[in-house]
Asks: 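One structure, pasted below without further comment.
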There are 2 protein chains.
Amino acid sequence: MAATILVVEDEPAIQELISYNLKQAGHQALKADNAEQALNLVQSALPDLILLDWMLPGISGVEFARRLRSDKRTKTIPIIMLTARSEEQDKLTGLETGADDYITKPFSPRELNARVKAVLRRRAPQMTDDVVQVGGLKLDPASHRITGNGQPVDLGPTEFRLLHFLMTHPERVHSRTQLLDQVWGDHVFVEERTVDVHIRRLRKALEPTALDALIQTVRGTGYRLSPN
Amino acid sequence: MAATILVVEDEPAIQELISYNLKQAGHQALKADNAEQALNLVQSALPDLILLDWMLPGISGVEFARRLRSDKRTKTIPIIMLTARSEEQDKLTGLETGADDYITKPFSPRELNARVKAVLRRRAPQMTDDVVQVGGLKLDPASHRITGNGQPVDLGPTEFRLLHFLMTHPERVHSRTQLLDQVWGDHVFVEERTVDVHIRRLRKALEPTALDALIQTVRGTGYRLSPN
DNA sequence: CCCTCGTGTCACGGCACTGTAATAATCGTT
DNA sequence: AACGATTATTACAGTGCCGTGACACGAGGG
């Protein structure tokens, strides 16, 4: 868990309710009353997920979602739409604009949490605290522990996040740029070559368990984690 | 267990039944016939949990819940709603106001106790009076006593709560923010680094028993309690 | 009134971590 | 085999995080 979630909702009571529940679930909640305010927030820091009311004063939720989807920087952010029951027929339209899921009001905190978790699991598995296991490697985000073939492995913060991301997206080549975006964050200015160094450090830390072979170099493209 | 529970219910028979059962289960029961009376009680002493009838004369249960949620001092108190079967369709609305759980009348004492226990455990496991034991450490909330490998350990109030929380959530990294929310309360404004100092004091107090090793630092993330 | 205890904040210092550059090694291509 | 391009590896200096001791403040109690 522990994702940053932006709540865009004009009704204060519901907004408060939602952020309260998110906080209880261990997330950090950003709040916005309307689309303009939300856009500003998104400028400065990208949230991991956006809860978006369908009906908003000024720019509507749909329109806001469309804009997010058209901007390269924000197009991959998962969106959950909030809609009133009476607008149920608009569900399809909502999903068409690229929402990942929708919730109809009134909803229970349990449902909210379940859907948030589900979407995060699908779109940003490295944000959840599910235990990940690949090959002989096991990583537990909650306890922040890693074992390779049963032996404990210890990593610095960056290597930890890097490995976590790779393990949640295995069998897939990631360019250095992608890794920088996903592991370092999108507002960071860092040389691409730096990724090499951290890959190196990660491999070195895994050497004692012979699991460094999981991290493969794809020349001209990037890196991949694979049990083969 | 041994929580202080406020029962807000206008029907005397049901109120009596509930408080009797709560007392049987070892809790202390406060009684209120209506929301106004309940608000007064809450002013003087915060209960650990509130059982709230949906239908109340005067201020309704929903409205009362909303007020509790809007006040900083009371927003974290768990609420269980009581509703008649016929009001079942309002469940969602009930949960929307931030209730933690829901019981439909008529209910069995067993169900009541189970839900109360579940909510208390979910919301604040460190609120219960169960003796906690991790590694060679034993903490007894009821007698407010701690022993490390048999030897008594004494702590200040804050260190006690901190240790209690850590022991009830072991094998898990907690950020300074999470610890502040959980141990200090989310209405307090305190520097994050203050957590370090209390961790230090806690470690120092545990040193004589060599159990200070249980409290581990996870650089860049927070602290963890673990028997390893 | 003073003393003690508990608490929160600060400042200093050490050290782990990070990013970069320089150099060595490797790969693919001709 | 040789060359350019790409990646591996190492070293190093700067940075930021954390541990630690000191201190001020306030609440209670003697």
Side-chain angles (χ1 to χ4, degrees), chain A residues 144-146 152-166 173-208 210-226, chain B residues 144 146 153-166 173-208 210-226:
Chain A
H144 213 268
R145 277 212 164 93
I146 303 172
V153 175
D154 81 58
L155 299 176
T158 306
E159 282 77 39
F160 187 92
R161 290 198 311 276
L162 178 56
L163 180 58
H164 193 188
F165 177 76
L166 290 176
V173 194
H174 308 283
S175 72
R176 288 162 230 278
T177 307
Q178 287 173 326
L179 289 175
L180 283 177
D181 281 352
Q182 298 288 332
V183 178
W184 273 256
D186 70 326
H187 272 193
V188 207
F189 165 66
V190 174
E191 285 296 319
E192 286 213 338
R193 289 266 142 246
T194 300
V195 175
D196 298 31
V197 179
H198 282 276
I199 288 280
R200 157 69 177 152
R201 286 170 181 153
L202 181 50
R203 280 173 172 158
K204 196 164 202 171
L206 292 177
E207 256 171 25
L211 255 35
D212 57 309
L214 293 190
I215 296 163
Q216 302 159 0
T217 305
V218 180
R219 193 182 174 79
T221 309
Y223 298 95
R224 170 182 55 203
L225 185 138
S226 154
Chain B
H144 212 266
I146 303 172
V153 175
D154 81 52
L155 298 177
T158 306
E159 281 78 37
F160 186 90
R161 290 199 312 277
L162 178 56
L163 181 59
H164 194 187
F165 176 76
L166 289 176
V173 194
H174 308 283
S175 71
R176 286 162 230 278
T177 307
Q178 287 173 324
L179 289 175
L180 283 177
D181 282 353
Q182 298 289 332
V183 179
W184 274 256
D186 60 358
H187 56 287
V188 221
F189 179 69
V190 174
E191 284 298 317
E192 287 213 337
R193 297 289 264 102
T194 299
V195 175
D196 297 30
V197 179
H198 284 274
I199 287 281
R200 157 71 178 150
R201 288 168 181 156
L202 180 50
R203 279 174 172 158
K204 199 163 202 172
L206 292 176
E207 254 172 28
L211 256 34
D212 57 309
L214 293 190
I215 296 162
Q216 302 159 359
T217 304
V218 181
R219 181 170 255 264
T221 308
Y223 297 96
R224 169 184 58 202
L225 185 138
S226 153

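All values derive from a computational prediction rather than experimental measurement. Residue numbering restarts at 1 for every chain, and letters A, B, ... go by the order of the sequence lines.
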Asks: Kindly say if B/R200 contacts the phosphate of D/dG19, meaning a side-chain N or O under 4.0 Å from OP1 or OP2.
Replies: no

Asks: Pair B/Q178, B/D181 - check side-chain contact (heavy atoms from CB on, under 4.5 Å), show working.
Replies: CA-CA 5 Å; B/Q178 287 173 324; B/D181 282 353; 5.7 Å; no

Asks: Partners of B/V195 by side-chain contact (heavy atoms from CB on, under 4.5 Å), sequence neighbours excluded?
Replies: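 B/V195 satisfies side-chain contact (heavy atoms from CB on, under 4.5 Å) with B/R176, B/L179, B/L180, B/W184, B/I199, B/Y223 once adjacent residues are dropped.
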
Asks: My understanding is that only residues two or more places apart in sequence, or in another chain, count here; which of them pass side-chain contact (heavy atoms from CB on, under 4.5 Å) with B/R200?
Replies: B/K204, B/E207

Asks: Report the C-alpha distance between B/L206 and B/L214 in whole Å, list the side-chain angles of each, state the deciding distance to 0.1 Å, and finish with yes or no for side-chain contact (heavy atoms from CB on, under 4.5 Å).
Replies: CA-CA 9 Å; B/L206 292 176; B/L214 293 190; 5.8 Å; no

Asks: Polar pairs (N or O, both sides) under 3.5 Å between protein and nucleotides 24-30 of chain D?
Replies:
none

Asks: Got a sec, which residues hit side-chain contact (heavy atoms from CB on, under 4.5 Å) with B/R219, two or more places apart in sequence or on another chain?
Replies: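 Applying side-chain contact (heavy atoms from CB on, under 4.5 Å) to B/R219 gives none.
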
Asks: Whole angstroms only, please: what is the CZ-P distance between B/R203 and D/dC18?
Replies: 11 Å

Asks: Below 4.0 angstrom from OP1 or OP2 of D/dT10, is there any side-chain N or O of A/K204?
Replies: yes

Asks: So do the side chains of A/R203 and A/T217 get within less than 4.5 Å of each other, counting heavy atoms only?
Replies: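 Side-chain contact under 4.5 Å: yes.
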
Asks: According to side-chain contact (heavy atoms from CB on, under 4.5 Å), who are the partners of B/E159, at least two apart in sequence or on a separate chain?
Replies: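 Listed in chain order: B/L155, B/H198, B/R201, B/L202.
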
Asks: Taking for each residue the nucleotide of DNA chain D bearing the nearest heavy atom, is the 5' side occupied by A/G220 or by B/V218?
Replies: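 Residue closer to the 5' terminus by nearest nucleotide: A/G220.
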
Asks: Hey, is the main chain of A/Q216 close enough, under 3.5 Å, to the side chain of A/R224 for a donor-acceptor pair?
Replies: no

Asks: I'd like to compare against my own output: the B/S/- annotation of nucleotides 16-27 of chain C with a strict under-4.0 Å heavy-atom distance to protein.
Replies: SSBBBB----BB

Asks: Could you check how far CZ of A/R224 sits from C1' of D/dT7, rounded to whole Å?
Replies: 16 Å

Asks: Rounded to the nearest Å, what distance is computed from the CG atom of residue B/L202 to the C1' atom of nucleotide D/dT20?
Replies: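 B/L202 atom CG is separated from D/dT20 atom C1' by 15 Å.
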
Asks: What integer distance in Å separates A/I199:CD1 from D/dT10:P?
Replies: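 Value for this atom pair: 16 Å.
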
Asks: I want to check one thing: is the phosphate of D/dC17, taken as OP1 and OP2, less than 4.0 Å away from some side-chain N or O of B/Y223?
Replies: no

